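Shown next, in structure tokens, is the structure this report addresses.
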2 protein chains.
Amino acid sequence: MNDSCSVRLQIFLQLQAVNKDLCSKFETCFGASTSRVEILHYLLQHGEVPQSSLQKEVNIDAAAVTRHLKQLEAAGTIVRYKKADDQRATWVKLDDEAQRHIEQSYQEKSQFIEETLADFSEEELQQFLHMLSKVSDNVSRVTKQHLGGEK
Amino acid sequence: MNDSCSVRLQIFLQLQAVNKDLCSKFETCFGASTSRVEILHYLLQHGEVPQSSLQKEVNIDAAAVTRHLKQLEAAGTIVRYKKADDQRATWVKLDDEAQRHIEQSYQEKSQFIEETLADFSEEELQQFLHMLSKVSDNVSRVTKQHLGGEK
DNA sequence: CCCATATAATTGATACATCAACGATTGATA
DNA sequence: TATCAATCGTTGATGTATCAATTATATGGG
């Protein structure tokens, strides 16, 4: 474990630690798990969508999405239904009232997000986002390379 | 949800996504969960330690640490024992042979870490680490402020 | 029309993290 | 010294993410 790698490992561990802390506080602040917020956020932006899209584009396993949706449906937060032309696909959208409630709640809670990224200039934010994207690209590339090389 | 918050929310979501991907590939590459690697890394750097230190300084719940250590002990990777002067504290250290194996394995696998952070200059790495630390600080500060304010 | 295949969603098994409660040991103090 | 509090580690209950297998539906080629 040489030095240049050690800095990188530190970044990796720090990334994990920050993410875990952030999720934890986020959940207590929003009153919902980050996964659930991610799903709701997607629905808020896309309106009515096929469940399959949700399952593909949200970074959560399809099985987990199914289970979240079942709970959200039971709570009346979302509605699910099929259309005549395809009995496989399930469509999902926010319940109207729930949507209004979520929009309002987002405004109240947006302060949390702003505070966790306080003392960042707009330029730094862009840089940060860019770095994250770069890591993301690297990760997906590494996978393909290593798929054959690893046991 | 105004614009400045939207960038921030995007960063948050991206942070999660990157972390999840990274962990997933990391695990298949290292053949051990990131939590376990974190524990082993700590032990590699600190030698013999009281279990309580491990539980405090590693970013994992104490109960989870206990369970990992039990498995690692069963596998012969670590050794646990008590000392005469305090029957509460348990001491933990890597098994000698396991330690050699891990050190060697780290060298083999360090390529993975390097590749995920490829195309980063040393300066960028420092910046990245600095940003993560800043977020970390902000998060812990926010918690305290909000403890009273949130329901 | 029949069959192979693809797609959509779900379920079961498993693993892990967290919280809360607990038992054991130690230290401090009245 | 008897008791109360603190510390250390563990366990049980719970929630959730993941993978693999499964069911139901749709589609395309012989």
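Please read all numbers here as calculations on a predicted model, not as lab measurements. Proteins come first, then strands; the chains are lettered A, B, ... in the order of their sequence lines, and each starts at number 1.
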Nearest whole angstrom, please: distance from the [atom2] of [N] to the [atom1] of [X].
| X | N | atom1 | atom2 | answer |
| --- | --- | --- | --- | --- |
| Lys83(A) | dA8(C) | NZ | C1' | 16 Å |
| Asp61(B) | dA21(C) | CG | P | 15 Å |
| Glu27(B) | dC19(D) | CD | C1' | 13 Å |
| Ile39(B) | dG9(D) | CD1 | P | 13 Å |
| Asp85(B) | dT25(C) | CG | C1' | 12 Å |
| Arg88(A) | dT23(D) | CZ | C1' | 13 Å |
| Glu38(B) | dC16(C) | CD | P | 14 Å |
| Lys20(B) | dT16(D) | NZ | P | 13 Å |

Does dT14(D) have a Watson-Crick or wobble mate here (both distances under 3.5 Å), and if so which one?
-> dA17(C)

When you measure from the side-chain N and O atoms of [X] to the phosphate of [N], is any distance below 4.0 Å, counting only OP1 and OP2?
| X | N | value |
| --- | --- | --- |
| Ser33(A) | dG15(D) | no |
| Gln87(B) | dT7(D) | no |
| Lys70(B) | dT11(D) | yes |
| Arg80(B) | dT10(D) | yes |
| Gln55(B) | dC8(D) | no |
| Lys82(A) | dT25(D) | no |

Using the side-chain heavy atoms of [X], tell me which of these nucleotides is nearest: [options].
| X | options | result |
| --- | --- | --- |
| Ala64(B) | dG9(D), dA17(D), dT18(C) | dT18(C) |
| His68(B) | dA17(C), dA6(C), dT26(C) | dA17(C) |
| Gln71(A) | dT16(D), dT18(C), dA17(D) | dT16(D) |
| Thr90(B) | dC19(D), dG9(D), dT25(C) | dG9(D) |
| Thr66(B) | dG9(D), dA9(C), dT18(D) | dG9(D) |
| Ala62(B) | dG9(D), dT7(C), dT10(D) | dT10(D) |
| Arg67(B) | dT25(D), dC8(D), dT18(C) | dT18(C) |
| Asp86(B) | dT10(D), dT26(C), dG9(D) | dT26(C) |
| Gln51(B) | dT7(D), dG9(D), dT18(C) | dG9(D) |

Would you indicate whether Gln45(B), at its atom CD, is surrounded by more than 12 heavy atoms from other residues, nucleotides or ligands within a distance under 6.0 Å?
-> yes

[X] side chain near [Y] side chain, heavy-atom distance below 4.5 Å:
| X | Y | result |
| --- | --- | --- |
| Glu57(B) | Tyr42(B) | yes |
| Glu73(B) | Thr77(B) | no |
| Leu132(A) | Phe128(B) | yes |
| Phe120(A) | Val135(B) | yes |

Just do the side-chain hydrogen bond (donor to acceptor under 3.5 Å, both in side chains) check on Glu122(B) and Gln126(B) with the steps written out, would you?
-> CA-CA 6 Å; Glu122(B) 292 306 315; Gln126(B) 291 301 331; 5.5 Å; no

Assert: residue with more 5' nearest nucleotide on DNA chain D, out of Arg36(A) and Ala63(A), is Arg36(A)

Are any side-chain N or O atoms of Ser53(A) and backbone N or O atoms of Val49(A), one a donor and one an acceptor, separated by less than 3.5 Å?
-> no

Using a cut-off of 4.0 Å on non-hydrogen atoms, how would the nucleic acid contact of Ser24(A) be classed: base, sugar-phosphate, or nothing?
-> nothing

Between Asn59(B) and Val65(A), who's closer to the 5' end of DNA chain C by nearest nucleotide?
-> Val65(A)

